[in-house]
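It should be emphasised that the depicted structure is a prediction, and the values quoted were computed from it without experimental measurement. Chain letters run A, B, ... following the sequence lines, proteins first, then strands; residues in each count from 1. Computed over heavy atoms, backbone and side chain alike; hydrogens, waters and symmetry mates excluded.
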Protein chains: 2
Amino acid sequence: MFIKNLPHKTVERLSQYRRALLMILSKDKTHVFSHEIAQMLHITPVQVRRDLMLIGYSGNLRKGYDIKELIELIGKIIDSERGQRVAVVGLGNLGKAFISYFKGKRSKLSMIAAFDVNPEKINRVFDGVPCYHINQMTEIIKQNNISIGIITVPAEQAPEIAEALVLSGIKGILNYTPKPLNVPAYVYLEEYDMITSLEKVAFFAKKNDERFK
Amino acid sequence: MFIKNLPHKTVERLSQYRRALLMILSKDKTHVFSHEIAQMLHITPVQVRRDLMLIGYSGNLRKGYDIKELIELIGKIIDSERGQRVAVVGLGNLGKAFISYFKGKRSKLSMIAAFDVNPEKINRVFDGVPCYHINQMTEIIKQNNISIGIITVPAEQAPEIAEALVLSGIKGILNYTPKPLNVPAYVYLEEYDMITSLEKVAFFAKKNDERFK
DNA sequence: GTAGACATGTTAATAAAATCACAACAACAA
DNA sequence: TTGTTGTTGTGATTTTATTAACATGTCTAC
């Protein structure tokens, strides 16, 4: 399903809507109102309705949105029909954390492999995900048609890893190192840096504190 | 130092500018141009200049910006003069990852404590940070005047932890669980969810792939 | 039926963020 | 002196994201 130019933020929220909806599916409810979704995610009902409008979904005026239908539609939009395979590069604490978080989330994304250089980790399975030596990365990525890579190695190594991923034919990279990466335009890159986030919190916490004093 | 209403994104970038600048301080350079900073972070030079304008810093027309001065000024703006103390709640893989990342970053933020319920972790020190039982959280937070909390516990427990943090007098929370939290307005809350990020990458990777084919 | 309560869907308005475009200026070379 | 180059600083514009406002529709109560 194709919808032209879905805003970045909307894509993020769709992912969250889906998860929230999956959580309430169990509770024998079949429909949900925009204000209920909004409350779960602490955003406004208008925001929810606008997002759903953008993906062309219409709810029932009296009953709200059909939960199952909506979950399915979101899937059609954000998931790739044939699924996408993911690998984590760097099986340190963060790599492990990611795999654990990921586990059990059924979806079109599957975590196929981890890569590391530590001999104690290689050829072992962590939380269902096998770990290989980084030397084998290109080979395994191509073999398994892995299209998304998550970088959780030490910062200095990030650029070479990124380059290798790109050469292996990866389509998207999620970079958790503080080192900004350079990738060609046909590879989608998302970067997140914990320290920046923390400093941001620190700044606004301080500011808030002054304001409310 | 007070500057009214610095945009969120600018605050994030200031943190990154500072880190980038600290990295090049060593290399006997004393000045830097906006396009150099921009290149390091993969943004535009205009963006850099605009941000610096917002914090009221003026460079030298011919030499660029004085690195030391700029680092200092950024510190004056985003750091709290008396420093801020941080605690991690949940010493699982993610909690550990955060502490490791944090280590060695000199700054006005200090990582004071971790909390967990696992007896094997309690009363031990991980990467220089002592771990206590969650029961002691309020007490230790107050004692040490900790003002920022990072939540890395399993999602179900996040709301109660958040509430406890707020009651303990925390001023800012960084929530890594997928559970959206509710906090009073005087507490600054930042949320980040790895799965959402991954799904976003997956979506745009897929889209990019179609577009460039 | 018809008024009231309460949803959705959407256009319009506003706010936040990024970019464009260019004036102003310093150093240098001819 | 005068042009050339390459920079900063910033008003104007554009783009992206959010919020307001309200028309429209459906059920319920009377």
Check every strand shown and say whether A/Thr10 touches a base, only sugar-phosphate, or nothing at a heavy-atom separation below 4.0 Å.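 Since no nucleic acid heavy atom lies under 4.0 Å of A/Thr10, the category is nothing.
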
Would you kindly give the [atom1]-to-[atom2] distance between [X] and [N], to the nearest whole Å?
X	N	atom1	atom2	result
A/Leu41	D/dT18	CG	C1'	16 Å
B/Gln47	D/dG9	CD	P	15 Å
A/His35	C/dC6	NE2	P	10 Å

With a cut-off of under 6.0 Å to the ring centre and 45° to the axis, is A/Lys96 in cation-pi contact with A/Phe126?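 Judged by the rule, A/Lys96 and A/Phe126 form a cation-pi pair.
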
B/Glu69 side chain to B/Tyr57 side chain, donor-acceptor N/O pair below 3.5 angstrom: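 Yes, because at least one side-chain N or O of B/Glu69 sits under 3.5 Å from a partner of the opposite role on B/Tyr57.
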
Electrostatic pair A/Arg18-B/Glu199, nearest N-O below 4.0 angstrom: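 Salt bridge between A/Arg18 and B/Glu199, a charged N being under 4.0 Å from a carboxylate O: yes.
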
I'd like to know if B/Lys9 and B/Asp51 make a salt bridge, using a cut-off of under 4.0 Å between side-chain N and carboxylate O.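 Salt bridge: no.
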
In the strands shown, is D/dT8 matched to any nucleotide by a Watson-Crick or G-U wobble pair with both distances under 3.5 Å, and which?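 Paired with D/dT8, as far as the under-3.5 Å criterion goes, is C/dA23.
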
Output the residues of residues 49-68 of chain B in contact with DNA chain C, where contact means a heavy atom of the residue under 4.0 Å from an atom of the strand; sort by number or write none.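 Going residue by residue through residues 49-68 of chain B, the ones with a heavy atom under 4.0 Å of DNA chain C turn out to be B/Arg50, B/Leu61, B/Arg62.
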
Per the side chain to side chain donor-acceptor pair (under 3.5 Å) rule, which among B/Arg49, B/Arg50, B/Gln39 passes with B/Ser34?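 One option only clears the test, and that one is B/Arg49.
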
For A/Tyr192 together with B/Tyr192, are the ring centres under 6.0 Å from each other?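 They qualify: ring centres under 6.0 Å apart.
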
